[in-house]
Colleague: 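Submitted below is the structure of interest, expressed as structure tokens.
Protein chains get the first letters and strands the later ones, always in sequence-line order, with residue 1 at the start of each.
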Protein chains: 2
Amino acid sequence: MTDTRTTTPLDETDRLLIEAVQRDSRASLAELGKAIHLGTSATRSRLRSLEERGVITGHTARVSAAALGYTLHAVVRMKVHGALYDRVADVLGRHPQIVRCLRVTGESCYHFEILATDMADLERITSDLARIGSITTDLVYEVVADRPSPATR
Amino acid sequence: MTDTRTTTPLDETDRLLIEAVQRDSRASLAELGKAIHLGTSATRSRLRSLEERGVITGHTARVSAAALGYTLHAVVRMKVHGALYDRVADVLGRHPQIVRCLRVTGESCYHFEILATDMADLERITSDLARIGSITTDLVYEVVADRPSPATR
DNA sequence: GCCGTACGCCGCAAAATCTGCGGCAGACTG
DNA sequence: CAGTCTGCCGCAGATTTTGCGGCGTACGGC
């Protein structure tokens, strides 16, 4: 659920800070501060504020799926059967390898991205999905781009 | 391009460390160390090793697209026309709001995820894509799940 | 069995960073 | 013009990071 509270809008400095911390979330406050031309105290208070307002929702490491042993990466589109919408959450709970799930308009009701160690592993997950909707599975050759949301106009 | 160097495989401690730093990449070495039952020195050397081996590819902040002013989130599937494959990189260069691009098997050759401030903004980008392939655009109602790759079996 | 080497972890001390707080300047209000 | 509020600075103590020496275990050669 998206938080729609109305808070102070982001100023240019906030946006620069967001881009800096998207580039390297383990950077020190001094380094982040350099990017926004502020001292460490002000940088810290802005960072805390962005976190508390829900603009920054967390700090995470980007990890190579291949290095973790996932040789397959699939995109699955699904049209849910009948009234089985609430079953989606169950499936997500059962399969942490479903790393992304979007509810969308159009022909398919859901888009999934799945990581799998091999075909059997992938089929184990897709067959579970197929119990609640009709699916189309595409394999990913290459992640061409995966980048942060642009924060500055 | 995926790095396919053969390096030492990940042990259980590496995988625990990966999960810890996926949970909070701004955590201190002491905190991360607690999760893997090691001191700060050992934690640091393992973290550095994972980074150097390309297992951890970076540390980044998760940011709410809505808070940045993106009211629309779209998924676009595209079948490239003729020999226009190399034009995809150009389009990605022109539009930072295309936050994800996957090259896939099947009917569509590419999957994109696009953030837009409004319909006009979205159309500006999709019409650029439409110049190199036939596209299908779905809007995202909700990001149901977006989580890190599972590192432990 | 016994040495030599390599690897991974510990612990230390110095440097860097974080944290909480007081103070100050500019904006806005009555 | 005084009062208040907001946002930034800078300081000092606490915490964290960093680089390095040392130790124990595993492994291979002899």
Colleague: In this structure, how many angstroms lie between the P atom of dT17(D) and the CG atom of Leu29(B), rounded?
Modeller: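 Rounded to whole Å, this separation is 4 Å.
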Colleague: Restricting to non-hydrogen atoms, name the atom on Asp24(A) and the atom on Leu32(A) that form the minimum distance, rounded to 0.1 Å.
Modeller: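 Reported closest heavy-atom pair: O-CD2, 4.2 Å.
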Colleague: What's the CG-P distance between Leu38(A) and dC9(D), to the nearest Å?
Modeller: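 Value for this atom pair: 5 Å.
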Colleague: Indicate whether OP1 or OP2 belonging to dG8(C) is found under 4.0 Å from a side-chain N or O atom of Arg46(B).
Modeller: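 For dG8(C), OP1/OP2 do not have a side-chain N/O of Arg46(B) under 4.0 Å.
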Colleague: Got a second to check how far Arg94(A)'s CZ is from Arg124(A)'s CZ, nearest 0.5 Å?
Modeller: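 Separation between the atoms: 10.5 Å.
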Colleague: What is the separation between atom CG on Asp24(A) and atom P on dT17(C), rounded to the nearest whole Å?
Modeller: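 After rounding, the gap between these two atoms is 13 Å.
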Colleague: What is the separation between atom CG on Leu10(A) and atom P on dG7(D), rounded to the nearest whole Å?
Modeller: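 Computing the Leu10(A):CG to dG7(D):P distance gives 13 Å.
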Colleague: Measure CG/Asp14(A) against C1'/dG7(D) and give the value in whole Å, please.
Modeller: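 Answer to the nearest Å: 12 Å.
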Colleague: For Arg44(B) and dG19(D), is the shortest distance between a side-chain N/O and OP1 or OP2 below 4.0 Å?
Modeller: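 Arg44(B) to dG19(D) OP1/OP2: side-chain N or O found under 4.0 Å.
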Colleague: Between Arg26(B) and Asp11(B), name the one whose nearest nucleotide on DNA chain C is closer to the 5' end.
Modeller: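 Result of the comparison: Asp11(B).
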Colleague: Given dC9(C), dC21(C), dT17(D), identify the nucleotide with an atom nearest to the side chain of Ser41(A).
Modeller: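 When the side chain of Ser41(A) is considered, dC21(C) is the closest of dC9(C), dC21(C), dT17(D).
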Colleague: State plainly whether the residues Arg53(A) and Asp14(A) are in salt-bridge range, i.e. N to O under 4.0 Å.
Modeller: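 Looking at Arg53(A) and Asp14(A), the cut-off is met.
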Colleague: What's the CZ-P distance between Arg48(B) and dT16(D), to the nearest Å?
Modeller: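 Whole-Å distance recorded here is 21 Å.
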Colleague: To the nearest Å, give me how far apart CG (Leu47(B)) and P (dT16(D)) are.
Modeller: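 Going from CG in Leu47(B) over to P in dT16(D) covers 16 Å.
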Colleague: Please report, rounded to the nearest Å, how far the C1' atom of dT19(C) is from the CD atom of Glu51(A).
Modeller: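 Glu51(A) atom CD is separated from dT19(C) atom C1' by 14 Å.
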Colleague: Which of these nucleotides, dT18(D), dC9(C), dC18(C), is closest to any side-chain atom of Ser45(B)?
Modeller: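 Nearest listed nucleotide: dC9(C).
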Colleague: If I compare all heavy atoms of Arg147(A) with all of His95(B), which pair ends up nearest, and what's the gap?
Modeller: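 It is NH2-O, 2.9 Å.
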Colleague: Counting side-chain heavy atoms from C-beta on, which of dC10(C), dC18(C), dT17(D) comes nearest to Ala42(B)?
Modeller: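 Ranking dC10(C), dC18(C), dT17(D) by closest atom to the Ala42(B) side chain puts dC10(C) first.
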Colleague: Taking atom types as modelled, find out whether Thr126(B) and Thr137(B) have a side-chain donor-acceptor pair closer than 3.5 angstrom.
Modeller: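 There is no such pair between these side chains.
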